[in-house]
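Only one structure is covered here, and it is reproduced in the block below.
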Amino acid sequence: MTLPIWMYFIVAGIFVSAFMTLRTAKEERETENEWIEKEGEVYIKRIEDERERRRGIS
């Protein structure tokens with residue numbers, strides 16, 4: 001039983017699409033983690049600045 005050539009292209013397209021989806025999801029996850037880390041650093045800096053300000057007042 002042989003399949004038409006276009007069926008091989010369809011199957012190959014499905015695999016390529018799945019690969020691209022996984023690759024894009026990984027890149028988005030990495031970008032999101034970088035953004036979260038950067039925002040966390042900003043938050044911690046604000047807390048440290050506020051502590052220093054309060055120590056200066058006392």
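- The pair Glu34-Lys38 does not meet the salt-bridge criterion, since no charged nitrogen lies less than 4.0 angstrom from a carboxylate oxygen.
- Following chains of ILVMFWY side-chain contacts shorter than 4.5 Å, one can reach Tyr8 starting from Trp6, so the two form part of one hydrophobic cluster.
- Not counting sequence neighbours, the partners of Glu52 by the salt bridge (Lys or Arg N to Asp or Glu O under 4.0 Å) test are Arg55.
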Between Met20 and Val16, does a side chain to side chain contact (heavy atoms under 4.5 Å, CB included) hold up when you go through it step by step?
CA-CA 6 Å; Met20 296 298 285; Val16 169; 4.2 Å; yes
Test side chain to side chain contact (heavy atoms under 4.5 Å, CB included) applied to Glu41 and Glu37, step by step:
CA-CA 6 Å; Glu41 290 173 3; Glu37 187 174 321; 3.8 Å; yes
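- Between Met7 and Leu3, the shortest heavy-atom contact is CB-CB, 4.2 Å.
- The distance from atom CD1 of Ile14 to atom CZ of Phe9, rounded to the nearest 0.5 Å, is 14.0 Å.
- Partners of Lys45 under the salt bridge (Lys or Arg N to Asp or Glu O under 4.0 Å) rule, at least two apart in sequence or in another chain, are Asp49.
- Between the side chain of Ser17 and the backbone N or O of Gly13 there is no donor-acceptor pair closer than 3.5 Å.
- Between Glu39 and Trp35 the shortest side-chain heavy-atom distance falls below 4.5 Å.
- Between atom CD1 of residue Ile5 and atom CD1 of residue Ile10 there is a gap of 11.5 Å, rounded to the nearest 0.5 Å.
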Determine, step by step, whether Arg53 and Glu50 satisfy the side chain to side chain contact (heavy atoms under 4.5 Å, CB included) criterion, reporting the C-alpha distance in whole Å, the side-chain angles of both residues, the deciding distance to 0.1 Å, and the verdict.
CA-CA 5 Å; Arg53 187 183 67 79; Glu50 182 65 21; 2.4 Å; yes
